[in-house]
Amino acid sequence: MSTNWWHDAVIYQVYLRSFADANGDGIGDLAGLTSRLDHLERLGVDAIWLNPCYVSPQRDHGYDIADYCAIDPSYGTAEDLKALVADAHSRGIRVLMDMVANHCSDQHQWFLDAIASAPGSAARDRFLFRDGRGVDGELPPNNWQSVFGGAAWTRVDDGQWYFHAFDASQPDFNWRNRDVVEYFDGVLRFWFDRGVDGFRIDVAHGLFKDSAMPDALGDGHNYAMWDQPEVHEIYRRWRAIGTEYEPQRYFVGEIWVPTIEAMAQYLLADELHQAFTFDLLVQPWEATRMAAAIDRALVQAERVGGPPAWTLSNHDVHRPATRFGQEQHLDAPLPTDMIAAARRRGDADLALGVRRAKAATMLQLALPGTVYLYQGEELGLPEVFDLPDEAREDPIWLRSNGEELGRDGCRVPLPWDAASPTFGFSPPSSTSAPWLPQPQWFADYAANTQDLSDDSTLAVFRRAIAGKRDTFSGPDIDWLASGHPSLLAFRRGSGICAVNFGDSPVDVPREWNADAVLGSEHIGDGSVIPANSAVWLTVVRDDARTTVGSDGTSPAGLTSTTTGIHGPTGPQSHMRSNDAPQFT
Ligand code: GLC
Ligand code: CA
């Protein structure tokens, strides 16, 4: 396995609108991000991924792009981006942007041209316009539903309909039209030429639809709407463009497909470097479920020869501190609705939730692969459930008439300074309120307070990111049996990661011959793993090396199985492909 920078990286997702506001208009911006790079450098991240910051009417906060080659004025200028990239690079931090190629904004010039042109015109062919059904074409061309709720079709004045997998303001491109293909080649080069190190690809499995657009059967996964074979040609093309650059540019896909086999197709050597491993994100706080998710991801990694991209959080789901503090649903989430399963209402015990979120973070940092963190995770920030209805802007909230809370609660502007107005998100002189109101209790999570404490969530994150590579190495893990059903433990290199999912402490097994080096909670003399916490240990005497014997038993008498990029062995690695996470 080659050692490319992303293989062991910690990548921090910046939801720019909510990160830091330099000019005081209540909206986060590039200059604000640049001014806070010290925080990210101290945290120890290797790269940042910026949510879309191109010109956009912001109906889906930047996932509706009107101009792919210009920065939205509310986020700054081309110069601001240049300054950000230069400053980040000078600190060894890479910069990834977000590529939204499935759809654009209804304000994109091409869509305005399409609307102004006749049915059947070349301008319309860049999108998915169809005649309707019914006597006068008054019914949508098929029964497909938008991911955000409601019909996936909207009718225009001359009677035709256009397809949108998401909001009506986000028309889907027709990727069988060569203009579209060539346009995106240019967009990639435009940003790569400006020093951008790679892209996260939005709904990467979405670009093509079955050209017959048949009615969907039932309300399950709509196979005709996603994951069509032609999409792979596009990623081969993009990978080739990325390798024209030195160093080669990186791609990570947001991909929801029903099987490991389907996912593997995107991760072949000439396509995307990685895809998010959402499997941990959708698991409840339960040892065997988490272990099975890890095994599945490592089987996948072995198949494609590259490590997983773990993540517990992003701008589309409720925050982990809240999710892990809620009642845990041990039944598997509905296959058609995995992400929605991570957006549940319900009371949360936040003290418990934060403990578990810290432990889960230490778990993913100990695994082979890349870790994607979402801004505010390092502060243990909870989901904001108490946003006033009128403040909510997410199209999911709007299109479901408030039935679904949507995603605003994980997008509230960050608290930097407990004592400042807007908690330091905007400059003190600012007269505009933050675009989403911050609750008073955000003060308790402010970065500057956490900075001063060795016990804060932020301090745990810093220590774990700093210690990750010293403690763990190599692409494989050996599961360690402990006799405790609530304990998940594995060895990787000379490090051991032990996570106690239970509500009472567990003794560190003596046979491990290992010293505790870091805990998500206080570890005292290191002899116990506190309830709902993670402990990292390093093996002192290597006679405990858990080489797997042919009977699955190690010399030290520990049962262990190896899973990893170099080959899964042993009973725990068995999986059925339909165990993989399914499409939202
Ligand atoms: C992806 C993004 C989400 C966005 C949607 C439409 O799922 O993560 O935020 O709303 O695509 O672009
Ligand atoms: Ca601003």
Side-chain angles (χ1 to χ4, degrees), residues 12-43 48-67 70-88 91 93 95 97-98 107 315 374-379 381 384 386-388 390-394 407-451 458:
Y12 184 98
Q13 179 189 352
V14 176
Y15 198 74
L16 197 60
R17 193 175 187 79
S18 306
F19 190 75
D21 167 28
N23 68 351
D25 64 355
I27 296 172
D29 45 47
L30 291 166
L33 168 56
T34 305
S35 76
R36 296 281 185 190
L37 282 178
D38 280 350
H39 173 78
L40 299 181
E41 188 177 4
R42 250 190 101 188
L43 187 58
I48 54 178
W49 148 36
L50 299 183
N51 286 103
C53 54
Y54 322 97
V55 171
S56 161
Q58 308 291 338
R59 293 284 294 276
D60 189 20
H61 294 319
Y63 286 95
D64 49 326
I65 300 173
D67 183 347
I71 301 292
D72 193 281
S74 60
Y75 296 135
T77 62
E79 280 305 306
D80 291 338
L81 183 83
K82 193 172 167 192
L84 168 71
V85 170
D87 196 338
R91 300 164 190 259
I93 298 175
V95 179
M97 290 178 88
D98 210 316
Q107 300 306 303
H315 64 294
Y374 176 52
Q375 69 180 35
E377 256 185 293
E378 78 279 24
L379 305 177
L381 218 56
V384 181
D386 46 358
L387 280 173
E390 59 282 7
R392 292 190 180 270
E393 297 192 2
D394 185 355
R407 306 163 294 178
D408 292 310
C410 66
R411 300 174 176 182
V412 176
L414 292 188
W416 293 97
D417 180 344
S420 295
T422 75
F423 305 118
F425 170 69
S426 296
S429 57
S430 160
T431 46
S432 310
W435 73 278
L436 281 174
Q438 302 161 298
Q440 273 315 308
W441 51 262
F442 254 36
D444 302 341
Y445 295 85
N448 72 334
T449 320
Q450 298 203 32
D451 250 343
L458 180 57

[atom1] of [X] to [atom2] of [Y]: how many Å apart, nearest 0.5 Å?
X	Y	atom1	atom2	value
Y15	R407	OH	CZ	7.0 Å
L458	Y445	CG	OH	14.0 Å
Q58	I65	CD	CD1	10.0 Å
I48	M97	CD1	CE	10.0 Å

Determine which pairs satisfy salt bridge (Lys or Arg N to Asp or Glu O under 4.0 Å) with at least one residue from [range], sequence neighbours left out, and list them in order.
range	result
residues 411-423	D316-R411
residues 27-41	D38-R91, E41-R91
residues 428-451	R42-D451, D451-R462

Looking only at non-hydrogen atoms, find the nearest pair between [X] and [Y] and report the distance.
X	Y	result
A443	F423	CB-CE2, 3.6 Å
Q438	P434	OE1-CG, 3.5 Å
G28	Y75	O-CD2, 3.2 Å
G62	P52	O-CB, 3.1 Å
N448	A418	OD1-N, 3.1 Å

Checking [X] side chain against [Y] main chain: does a donor-acceptor pair fall under 3.5 Å?
X	Y	result
D87	A83	no
Q13	Q375	no
N51	L16	no
D80	L30	no

Quick one: are W441 and D386 in side-chain contact, heavy atoms under 4.5 Å?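 Touching, per the 4.5 Å side-chain cut-off.
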Do S18 and L414 have side chains that approach each other closer than 4.5 Å (heavy atoms only, starting at C-beta)? no
When you look at Y63 and D98, which way does the side-chain contact (heavy atoms from CB on, under 4.5 Å) test go after all the steps? CA-CA 9 Å; Y63 286 95; D98 210 316; 2.6 Å; yes
[X]: side chain to side chain contact (heavy atoms under 4.5 Å, CB included) partners, not counting sequence neighbours:
X	value
E393	H61, D408, W435
S426	D21, T422, S430
E79	T77, K82

Worked verdict on L50 versus L84 for side-chain contact (heavy atoms from CB on, under 4.5 Å): CA-CA 11 Å; L50 299 183; L84 168 71; 4.0 Å; yes
Take F19 and W416 through the ring pair (Phe, Tyr, Trp, His ring centres under 6.0 Å) test and state the conclusion after the steps. CA-CA 9 Å; F19 190 75; W416 293 97; 5.1 Å; yes
Students often mix this up, so state it plainly: with edges at 30° and 60°, are the rings of H315 and Y374 parallel, tilted or perpendicular?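 The arrangement is tilted - the two ring planes meet at 30° to 60°.
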Less than 4.0 angstrom from a charged side-chain N to a carboxylate O is my criterion; do R17 and D72 meet it?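 Result for this pair is no, no salt bridge flagged.
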Which is it for L436 and V384 under the side-chain contact (heavy atoms from CB on, under 4.5 Å) test, yes or no, and what are the steps along the way? CA-CA 10 Å; L436 281 174; V384 181; over 6 Å; no
Between S432 and D25, is there a side-chain donor-acceptor contact under 3.5 Å, judged purely by atom types and distance?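 Judged by distance alone, the side chains do not pair up.
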Evaluate the criterion side-chain contact (heavy atoms from CB on, under 4.5 Å) for residue pair L381 and F442; output intermediate values, then yes/no. CA-CA 8 Å; L381 218 56; F442 254 36; 3.8 Å; yes
